[in-house]
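Predicted model, so just to flag it, every value in this text is computed and none were measured.
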Amino acid sequence: MQSPSFINVFNSESYYSHSSFLSLPLIITALKSPNSSPKSRERNYSLTTFKLYSSNNLKIGAMHSGDDNGALRNFKLNESTFLASLMPKKEIAADRFIEAHPEYDGRGALIAIFDSGVDPAAAGLKVTSEGKPKILDVIDCTGSGDIDTSTVVKADDDGRILGTSGNSFVVNSSWKNPSGEWHVGYKLVYELFTNTLTKRLKKERKKKWDEKNQEAIADAVKQLDEFDKKHIKADDAKLKRKREDLQSRVDLLRKQADSYDDKGPVIDAVVWHDGEVWRAALDTQSLEDEPGSGKLADFIPLTNYRIERKYGFFSKLDACTCVLNIYNEGNVLSIVTDSSPHGTHVAGITSAYHPKEPLLNGVAPGAQLISCKIGDSRLGSMETGTGLVRALIAAVEHKCDLINMSYGEATLLPDYGRFVDLVNEVVNKHRLIFISSAGNNGPALSTVGAPGGTTSSIIGVGAYVSPAMAAGAHNLVEAPPEGLEYTWSSRGPTADGDLGVSISAAGGAMAPVPTWTLQHRMFMNGTSMSSPCACGGVALLISAMKAEGLSVSPYGVREALENTCTPVGGSPEDKLSAGQGLMQVDKAYDYIQKSCEVPSVRYQIKIIQSGKPSGLIAKRTPKEHNSSPWQFVVFIFVGIFDAEPTSRGIYLREADSCQRSTEWTVKVEPKFHDDASNLDQLVPFEECVKLHSTGGAVVRAPEYLLLTHNGREFNIIVDPTSLGDGLHYYEVYALDCKSPWRGPLFRIPITIMKPKAVKSRPPLILFQGMSFVPGHIERKFVEVPIGATWVEVTVKTSGFSTARRFFIDSVQISPLQRPIKWESVATFSSPSSKSFAFAVEGGLTMELAIAQFWASGAGSHDTTIVDFEIAFHGISINKAEIMLDGSDAPVRIDAEALLSVENLAPAAVLNKVRIPYRPVDTKLSTLSAERDKLPSGKQTLALILTYKFKVEEAAEIKPHIPLLNNRIYDNKFESQFYMISDTNKRVYAMGDVYPEAAKLPKGEYTLQLYLRHDNVQYLEKMKQLVIFIEKKLDEKEAVRLSFYTQPDGPVMGNGSFSSSVLIPGTKEAFYVGPPAKDKLPKGTPAGSVMVGAISYGKVSFGVNNDAKNPEKNPVSYSISYIVPPIQIDEDKSKGSSSSCTKSVAEQLEEEVRDAKIKVLSSLKQSTDEERSDWKKLSISLKTEYPKYTPLLAKILEGLISQNNVEDKIHHYEEIIGAAKEVIESVDMDELAKYFSQKSDPEDDGAEKMKKKMETTRDQLAEALYQKGLALAEIESLKSEKVVDKKDSEAASDSSVHPDLFEENFKELKKWVDVKSSRYGTLFVIRERRDGRLGTALKVLNDMIQEDGQPPKKKLYDLKLSLLERIGWGHLVTYEKQWMNVRFPANLPLF
């Protein structure tokens, strides 16, 4: 799930935060169901420009034409109407309303934009029509821009401070800071930018870097060429090394160009208190082109946006606006940038104000905004629970009137979850009006997304396109004669029968976008655009209500909107697409004026089917509790509705429910706002309502109902038996007997999808001769036969001459699942046929929605003819999920074809390993009240769980948290977020409910899981939460399982099973065997779970038959294997049979000696006293065991570990002395003689001796190595400046001044490979001493590559010093940026 990205100005569909825009495939493309890939939960496609034609004999859900709503009749495109079509207002009558009431243009209305962030510098978003500030606050609710500024420093005498990045900078002397304390932190700037902006910056920066690198290469080649001309024959060893060094420089520069990877500049941040408010400034020198630009001292300090409403820019290069907010007493700085242009675009639709271009104004130019960024930049703009909850807190705190949210996704349960609970509180208690997009997952039914389309307290908005929009904004040559819903706009009903879409509004606009896009405006369309269009319309109503002193209630406003809409389409079923219709601001205003004395009430509907088990509650009477039988008390309504799941509508879509009459119990309960008075409002409330049914004999309800505050119940009888196949929609609605002009007070939607039965065998169904014009949708409902598991569909098109684009969707509804959806976009360049296959669930009704895209094939005046052939296939098995328990026993599988002859060809593969982990540390804390105190007054708590895991070899891993993953809105937990880092604190992966795989190199890692809630008991239960680290196996590691006809097959190796033919009515059994133990991936611990897929069938037309990857088959199931305990190594258990030749006294003496050395090694040396104790013991032991090499090696090791030594030269001299003692304790002649001979590997004694001698050699080499390092350090400290030896003449005469370093190095070279990662540092230092910096860099780079993970900071520090000395400034800058990636000062904040 990706962020709502902007693409080509005229080619974008926009809605959800988690959708990538997809280019239109040239051939049919099958997209997996959201259940199998939760991140692909909606459809967005680039649009190409088509003419549009519609035939009067085909229904396309159009709105009746007329002078209003942008209809084509009497419409001519000129400059003014063209500009007006780019920002549609006529469609919802906003233009007429403002023309009649210019002072009600949104003034006094405050809108919270829950989105990807709003750019306060964007065109039209600076001031309102009254000249007031347009944006009152800009907040990053996600925390993605947070910087840890808890580090406090003081400036030196020159006014210079040191940042946590390692950079130092001068503060402006005019900045007031009474305390003198400066909070510092830093951020990698690409973490604040969108992918699009980052890509642009990388391209521009790479170009400049390449220029500098080419200059350096040219200079290096020139030096090499001059050397070759001067030394034609470089026979001398030093000359050879010199030439090798020059060649290395050329090679290094060329190689660096190939491996260039720009991680972006570092932005240093400084926060301080000026005596009145907290302020912050940024140092952006690393972003600037001009030297000296972007200095900290030149930055104009900013405080929280809501205080002064000021913003800044990072640099001219990026042109990106930033806002700074300071929290937690200066310890957290939030740098607010947008995570996509989506939020600014949405904000512009609601209320942009262009005094010179009024036709491009937003719907409510007088309204004010607050920007609540819920799209997390770390996740590509996906919303998070933290962002959503903080946004609600901010909206209430700022006393907003409206919320617009153009985000969402499919949901497991409608009207459910933590966010929904908080939204209900905000709407019902604080009276905010919440408007949200319904989704872009159409044209199939039941595709509305959460929260906009599934939440009762939110007004969900569908997307409408008018002829004016089609001609102007979409640039169509021939616009449709009538307005209609966009093809991709999501449809209702919800899984529990609610309508889903409340109203519709214009779904496209040319609106402002952020400055970093380098343009003022951009065209986008989607329900992301229809929602702010509706929101702006409601802002006009609020503006009028406030100006006229009318009480604003979300209940009354919603009633006015829904009861004054202009219907879209001519059939009742069109309500499932457009809701009550296209909102009309002027009519809603008249309604509000007329109903100002009507109580603000919403009507809560709860429905259950009569005849299902009622909520019987058993209880004993106190007197008879010992012997008396149970008494059952039936709470006829209260008990039922409290105990049983309820729905908000009646939704009949399965064959059984459509073949009989059913009775439903409906409870209607009037709900007042939380501050309503019991005596003045609740007690007097009484309404006599007349119930009307649009269903005639199909839907029957009582005629009248007397409603009081406590609500009433009544029954509805639905009899669909007389209905034909297809879609039928009815309503039961209530009218106020005293004020019928109000329209429906509440509606009960009844949706009936009567499926067509498949009676033929083999099961085949044909839909022939379907006629299509642009925008036309055909819905076919089929009862999927029991036993079917997949379908094969063939689509044949004819009757057209230009390309056609079709949306083809299949939807099934299953309890406690997201809608089972398959979708595809098929483009036919000419009449032809295409085939595809997808999974289905037998026994459930399948809707097959086929729609010609609303702008496809326009102008050709051809009617497309489509034939559909659907063949059902299925192999039923007795186990939906296979679990191999780790034993050697196979699992028996029974397979049966119930419908037709099928080819049984099982295939199974285990291609992932999940290793379980429990937390090694937990931390529960109370979050700051500034951002995390709920509107109810409760404080949000955070639980951080820490897990440790190890990656033995580079691999692609993903955290798997079964309890929490794949649910945002339908989750009672507020938030989850994880972060994976190495031992250097480098972050490799971040994520939340939809974890993504990340490539990790070999090493040890920490995963921190961040959970939030206000209930401490919930968090306490999570302290031992088990998670899995899932490793993806490559093709070679994946384990393919075998099948057998016999239970002993896996052991005996016979009776293999490969394929068979299943005949209906007969079963076939076979076994799937566990993997062979030698095939298990290396390092897979016992208790881990290998997971994969198993499939059984083959597609008849030869597509997707992949035995290597069953998941590519149309139907696959989960298979798993529990890894058993590892086999005991018998050789290790035998032990050593050799006898010890030493006496007991000798053995005891050795044990005592080794124990003393162990004590010495365990002593700390943090303080002077501890160091003194260590020194005394080391002297004592050295006196006792003067020539014992292991002891001397431990003493040397202890000296090296000492930190914070004042007299460094003396310290290094001590190290040299200790190293000499180790060297002198070793008999080098004996050691050399031993390694010149071969040992017998089968001789235990010889192997022990080999191990001992290798240990001695390593101790000797370590001593020589440390001695060399110490000599180099002393040389460096004693010299004010190290002079490079540039040629042999400049070298010191070793006969006069012995070179101790060189002598030591030559001795080390005898024993080890001095270029290895273990000892290479000394080689690099040697080359540096001799001025061969190129060779030094080459060896150092090889060491870094060999050293593995995690990288050692000292090696990169050494690399930086070499680059600085060689003078390659562009590489110094590059490496310094990488240092903050590899070795951050601390982990980022959650």
Side-chain angles (χ1 to χ4, degrees), residues 110 112-114 117-118 120 135-152 179 181 183-185 187 192 269-281 301-311 322-337 369-374 376-377 384-400 403 419 422 425-426 430 432 923-944 974-975 977 1010-1016 1019 1388-1390:
L110 180 57
I113 304 293
F114 287 14
V118 180
I135 302 177
L136 300 185
D137 205 356
V138 178
I139 310 163
D140 178 4
C141 300
T142 69
S144 57
D146 285 2
I147 300 177
D148 182 353
T149 51
S150 59
T151 301
V152 179
S179 69
E181 294 182 342
H183 293 247
V184 293
K187 190 84 169 175
L192 299 168
V270 179
V271 176
W272 71 96
H273 199 280
D274 68 0
E276 295 180 1
V277 295
W278 286 98
R279 294 196 177 274
L302 299 175
T303 187
N304 289 22
Y305 185 87
R306 68 185 298 180
I307 297 175
E308 295 180 349
R309 300 192 183 96
K310 293 180 180 179
Y311 53 83
C322 67
V323 163
L324 305 184
N325 292 319
I326 301 124
Y327 304 106
N328 297 4
E329 296 296 315
N331 291 320
V332 174
L333 171 66
S334 173
I335 301 181
V336 190
T337 57
L369 307 173
I370 68 165
S371 169
C372 298
K373 177 182 172 182
I374 62 170
D376 197 304
S377 297
T384 63
T386 298
L388 291 167
V389 173
R390 283 179 173 170
L392 288 174
I393 293 170
V396 173
E397 181 185 349
H398 283 77
K399 295 180 169 54
C400 293
I403 295 172
F419 180 67
L422 294 175
E425 179 185 342
V426 165
H430 299 281
L432 275 76
K923 182 181 179 183
L924 184 63
S925 60
T926 302
L927 297 175
S928 168
E930 287 179 279
R931 289 194 284 184
D932 296 306
K933 189 173 184 179
L934 297 172
S936 63
K938 294 181 180 179
Q939 196 68 42
T940 305
L941 306 172
L943 176 66
I944 297 178
E974 179 175 307
S975 178
F977 201 93
Y1010 176 75
L1011 304 174
R1012 292 163 46 107
H1013 208 282
D1014 60 16
N1015 190 317
V1016 68
L1019 294 176
L1389 300 174
F1390 281 103

So how far is it from Asp137 CG to Cys400 SG, rounded to the nearest 0.5 Å? 9.5 Å
So does Ile326 get a backbone contact from the side chain of Asn304, meaning a donor-acceptor N/O pair under 3.5 Å? yes
Are any non-hydrogen side-chain atoms of Ile393 and Leu934 less than 4.5 angstrom apart? yes
Does CD belonging to Glu308 count more than 12 external heavy atoms closer than 6.0 Å? yes
Has the side chain of Thr149 got a donor or acceptor atom that lies under 3.5 Å from a matching backbone atom of Val184? no
Please tell me if the side chains of Leu369 and Leu110 come closer than 4.5 Å, counting only heavy atoms from C-beta onward. no
Hey, does the side chain of His183 reach the backbone of Gly330 with a donor-acceptor pair shorter than 3.5 angstrom? yes
Derivation and outcome, side-chain contact (heavy atoms from CB on, under 4.5 Å), residues Leu392 and Phe114: CA-CA 9 Å; Leu392 288 174; Phe114 287 14; 3.7 Å; yes
Hey, does the side chain of Lys373 reach the backbone of Thr337 with a donor-acceptor pair shorter than 3.5 angstrom? yes
Please identify which of these residues, Arg306, Arg390, Arg931, meets the salt bridge (charged side-chain N to carboxylate O under 4.0 Å, His left out) condition with Glu397. Arg306
Atom CG of Leu1019 and atom OG1 of Thr940: how far apart are they, to the nearest 0.5 Å? 10.0 Å
Which heavy atom in Tyr311 sits nearest to a heavy atom in Cys322, and how many Å separate them? CB-O, 3.4 Å
So His398 and Ile139, side-chain contact (heavy atoms from CB on, under 4.5 Å) or not? Walk me through it. CA-CA 12 Å; His398 283 77; Ile139 310 163; 4.0 Å; yes
Please tell me if the side chains of Trp272 and Pro301 come closer than 4.5 Å, counting only heavy atoms from C-beta onward. yes
Atom of Thr386, atom of Tyr1010 and distance for their closest heavy-atom approach: OG1-CE2, 4.2 Å
Nearest 0.5 Å, please: how far is CG in Leu924 from CG in Leu941? 5.5 Å
Distance, nearest 0.5 Å, that separates SG of Cys372 from CD1 of Ile113: 8.5 Å
Is it the case that the side chain of Asp932 and the backbone of Val389 share a donor-acceptor pair, with hydrogens and angles ignored and the cut-off at 3.5 Å? no
What is the minimum heavy-atom distance between Ile135 and Arg309, and which atoms define it? O-CD, 3.6 Å
Side-chain donor or acceptor of Asp140 paired with backbone N/O of Gly145 under 3.5 Å: yes
How close do Ser334 and Tyr327 get, counting heavy atoms only, and between which atoms? CB-CE1, 3.7 Å
Derivation and outcome, side-chain contact (heavy atoms from CB on, under 4.5 Å), residues Leu302 and Val323: CA-CA 8 Å; Leu302 299 175; Val323 163; over 6 Å; no
Backbone of Tyr305 reached by a side-chain donor or acceptor of Asn325 within 3.5 Å: yes
Atom OG1 in Thr303, atom CD in Glu276: separation rounded to 0.5 Å? 10.0 Å
Backbone of Leu927 reached by a side-chain donor or acceptor of Gln939 within 3.5 Å: yes
Locate the shortest heavy-atom distance separating Leu333 from Ala280; write the atom from each residue and the value. CD1-CB, 3.7 Å
Looking only at heavy atoms, the pair that brings Asn328 and Glu930 closest together is N-OE1, 2.5 Å
Measure from the side-chain N and O atoms of His1013 to the backbone N and O of Asn1015, and report whether any donor-acceptor pair falls under 3.5 Å. yes
Find the distance between CG (Leu192) and OG (Ser144) and round it off to the nearest 0.5 Å. 7.5 Å
